[in-house]
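Everything below concerns the one structure shown next.
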2 protein chains.
Amino acid sequence: MQRTRFSAMRCSLARSLDRIGDWWTPLILRDLFLGVTRFDELVEDLGLSRNLLARRLRSLVARGLVRKVPYQRRPLRHAYLLSAAGEALLPPLLALTAWGDRHAAPPGGPPLRFRHLGCGRDFVPVVVCSCCGEALEAAAVEARPGPGGAAARGTRVVARRLATKAR
Amino acid sequence: MQRTRFSAMRCSLARSLDRIGDWWTPLILRDLFLGVTRFDELVEDLGLSRNLLARRLRSLVARGLVRKVPYQRRPLRHAYLLSAAGEALLPPLLALTAWGDRHAAPPGGPPLRFRHLGCGRDFVPVVVCSCCGEALEAAAVEARPGPGGAAARGTRVVARRLATKAR
DNA sequence: TGAGTGGGTTCAATCAATGAACTAACGAGC
DNA sequence: GCTCGTTAGTTCATTGATTGAACCCACTCA
C-alpha cells in the first residue's frame, strides 16, 4: 500500500515527476539555482523540516540532479550544487514560474524577474517549437505514438487512443 | 501540523506548485490534454483510486484549471476539459516531458512524440528568451528582485541574497 | 423487473510530512 | 582543559495524505 511511484510508467512526464514531483523538491532546486546551497540556509529559507530536507537532498544526489561539494575544510562543510541534469531542469521550471506569474500571481506583481545574460534584458520564458520557432499552444500540438510507447499503467487508455492515428 | 501549503509564498513557482504540485495532478492534466476526459477512463488509464481522482478533479475545477462539461443527457454524463488556464500549462509540462525524454528516458526511446500543427513537423519543445529568442541555459539566467518580492516563508534567504544586486 | 453503466462516496490500513528535541564533529575563546 | 557556538544532520511522536476495496445511486435498456 505504498504510495504509487511513477518510475515504471511509459511516459516521460511521469518519469520526470518521479524525479522531481515530490513535495518541496522543485523549490529546493529553485533555491540551489538562486545560490541558497547550504543545509541550514535551505531550512531557513523554505521552512521545511530538517528531517525532510535531508531525505530530499539524499534522493536528489542519488539520482544525479545534485552534487554534494565541500566548500571548506576544517571543519569540513558541504554545499549542494546543481549537476548538469539539474541545471537542465531550470528552463522547464522557469516556464512553470511564468505560468504562475500569469495565472496565480501574488499581490504586488511578480516576485522575481529574470535577466538573460545573452542579450542583457529582462525576459519571459517562452516554450517554442524546435522546428519553426513559433510559440507553442495546446490547440496546435498533436500527440502521436513514439518508439518507446506501451500500454502500461499510466498509458492504458492513451495507448489505445493514439493507436488509431498512428499513421 | 497540516501539510505546508505553498500558496502564501512570495514565489511564482511555489504558487504554481500550489495548483498543480499535488501527487497525480500533472498526469491528470496530461490525460485531459490527450483526450482521456471521463472519470472511469482516467481511473483505468492512471490506476489511481477513485477517491483521490474525485478530490483532485474537484480541486482543479475549483481553481479554474478544468471545466466539467456534459457530453450527453439522458443519462447526464460529464467530461472534464482543460480551461484556458489549464491549456496554458501545457507548454511548461511539455518542457518537463522533454527533460524526462533526455534525462530519464524509458527503455525503447520516447513513449510519445509531438507534432506542431503550425509547421506540420515533429518537434522538441525549447524554452527561449522572449527578447532574443535564444534557448535558455541556467548559466545565462540571472535572477533579480521583482515588484512583488518579499521576505516571507519561501524567500527569507533569497530576498536577502537578491537585495545586494538589486539595482 | 433485473442487470448494466458511469460516476462517484465511505472506510480502515498504511505511508509521508511536520515540528520539536536530540546528537555529533569541529573551532574559538577563556 | 572546558565551555560555547556553528553546521549538519538524526530520531521520534503526532497528524495528514494515499491506497484499495466495498458500497451507493441515478439512469437506461432488455
Side-chain angles (χ1 to χ4, degrees), chain A residues 1-9 14 17-18 20-28 31-32 36-62 66-81 153-154 156-157, chain B residues 1-9 14 17-18 20-28 31-32 36-62 66-81 153-154 156-157:
Chain A
M1 215 195 255
Q2 195 171 171
R3 187 168 77 161
T4 312
R5 298 300 328 180
F6 295 151
S7 53
M9 289 186 181
L17 293 173
D18 183 65
I20 64 152
D22 279 321
W23 209 234
W24 290 108
T25 298
L27 292 180
I28 293 170
D31 268 17
L32 298 185
V36 180
T37 60
R38 300 181 190 177
F39 193 90
D40 276 17
E41 285 177 339
L42 288 163
V43 168
E44 185 192 352
D45 192 60
L46 298 173
L48 85 174
S49 78
R50 318 173 69 74
N51 179 0
L52 189 55
L53 177 60
R55 199 161 0 136
R56 291 285 188 271
L57 288 172
R58 227 187 341 263
S59 159
L60 286 169
V61 170
V66 169
R67 291 174 298 133
K68 186 176 182 178
V69 178
Y71 66 86
Q72 71 170 32
R73 315 193 161 273
R74 321 199 52 77
L76 183 59
R77 298 280 183 249
H78 294 276
Y80 294 91
L81 301 179
R153 186 184 201 187
R156 253 182 258 288
V157 177
Chain B
M1 215 195 253
Q2 196 172 171
R3 187 167 77 162
T4 312
R5 298 299 328 180
F6 296 151
S7 52
M9 289 187 181
L17 292 173
D18 183 65
I20 64 152
D22 279 322
W23 209 234
W24 289 108
T25 298
L27 292 181
I28 293 169
D31 268 17
L32 297 185
V36 180
T37 61
R38 300 180 189 176
F39 193 91
D40 277 17
E41 285 177 339
L42 287 163
V43 168
E44 184 191 353
D45 192 60
L46 297 172
L48 85 175
S49 78
R50 318 173 68 76
N51 180 359
L52 189 55
L53 177 60
R55 198 159 3 133
R56 291 285 188 271
L57 288 173
R58 228 187 340 264
S59 160
L60 286 169
V61 169
V66 168
R67 292 174 296 134
K68 186 176 181 177
V69 178
Y71 67 85
Q72 70 170 34
R73 315 192 161 274
R74 319 200 53 78
L76 183 59
R77 297 282 183 247
H78 294 276
Y80 294 92
L81 301 179
R153 185 184 204 189
R156 254 180 257 288
V157 177

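Note: hydrogens, waters and symmetry copies are ignored here, and every other heavy atom, side chains too, is used. As the structure is a prediction and not an experimental result, all values here were calculated from the model.
Of the candidates C/dG7, D/dT19, C/dG19, the closest approach to any side-chain atom of B/Y71 belongs to C/dG7. The side chain of B/R77 lies closest to D/dA26 when the candidates are C/dG27, D/dA26, D/dT28. Closest to the A/P75 side chain, of the nucleotides D/dG9, C/dG6, C/dG27, is C/dG27. Listed candidates were D/dC12, D/dG9, C/dA17. Nearest to the side chain of A/N51 is D/dC12. For A/R38, counting side-chain heavy atoms from C-beta on, the closest listed nucleotide (C/dA20, D/dA8, C/dG8) is D/dA8. Comparing C/dA16, D/dG9, D/dT19 by their closest approach to the side chain of A/F39 singles out D/dG9.
Rounded to a whole Å, the CD atom of A/Q72 is 10 Å from the P atom of C/dA28. If you measure from atom CZ of A/R3 to atom C1' of C/dT14, you get 13 Å, rounded to the nearest angstrom. For A/H78 and D/dG9, the NE2 to C1' distance is 12 Å, given to the nearest whole Å. Between the CG atom of B/L53 and the P atom of C/dG8 there is a distance of 8 Å, given to the nearest Å. For the pair A/E44 CD and D/dT6 P, the interatomic distance rounds to 13 Å; values are reported in whole Å. Distance, A/L52 CG to C/dA16 P: 11 Å, rounded to whole Å. Taking atom CZ of residue B/R58 and atom C1' of nucleotide C/dT10, one finds them 12 Å apart after rounding to whole Å. When rounded to the nearest whole Å, the span between CG of A/D40 and P of D/dG5 equals 16 Å.
When side chains are defined from C-beta on, A/L48 does not count as touching B/T4, because their heavy atoms never get closer than 4.5 Å. Annotation: side chain of A/R58 is not in contact with side chain of A/V61 (no heavy-atom distance under 4.5 Å).
Each of A/E41 and A/Q2 was matched to the nucleotide of DNA chain D holding its nearest heavy atom; the match closer to the 5' end belongs to A/E41. Comparing A/R56 and B/L76 by the nucleotide of DNA chain C that holds the closest heavy atom to each, the one mapping nearer the 5' end is B/L76.
Remark: A/R50 pairs with A/D40 by the side chain to side chain donor-acceptor pair (under 3.5 Å) rule, at least two apart or across chains.
Counting any heavy atom pair closer than 4.0 Å across all strands shown, B/D22 reaches no nucleic acid atom. Among the atoms of the strands shown, base atoms are found under 4.0 Å from some heavy atom of A/R50. When heavy atoms are screened at a 4.0 angstrom cut-off, B/R5 is found touching no nucleic acid atom at all. Nucleic acid contact for A/R73: none, since no nucleic acid atom lies under 4.0 Å from a heavy atom of the residue.
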Go through the steps to decide whether B/R3 and B/D22 satisfy the test salt bridge (Lys or Arg N to Asp or Glu O under 4.0 Å), and finish with yes or no.
CA-CA 11 Å; B/R3 187 167 77 162; B/D22 279 322; 2.6 Å; yes

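For C/dT18, the OP1/OP2 oxygens have a side-chain nitrogen or oxygen of B/T4 closer than 4.0 Å. Considering only side-chain N and O atoms, A/S49 lies nowhere under 4.0 angstrom from the phosphate OP1 or OP2 of C/dA20. Close to C/dC26, at under 4.0 Å from its OP1 or OP2, lies no side-chain N or O of A/R74. Side-chain N/O atoms of A/W24 include none lying less than 4.0 angstrom from OP1 or OP2 on C/dA16.
For B/R38 and B/Y71, the positive end sits near the middle of the six-membered ring, less than 6.0 Å away and at most 45° from its axis.
The aromatic rings of A/W24 and B/F6 sit perpendicular, their planes meeting at an angle over 60°, well past the 30° parallel limit.
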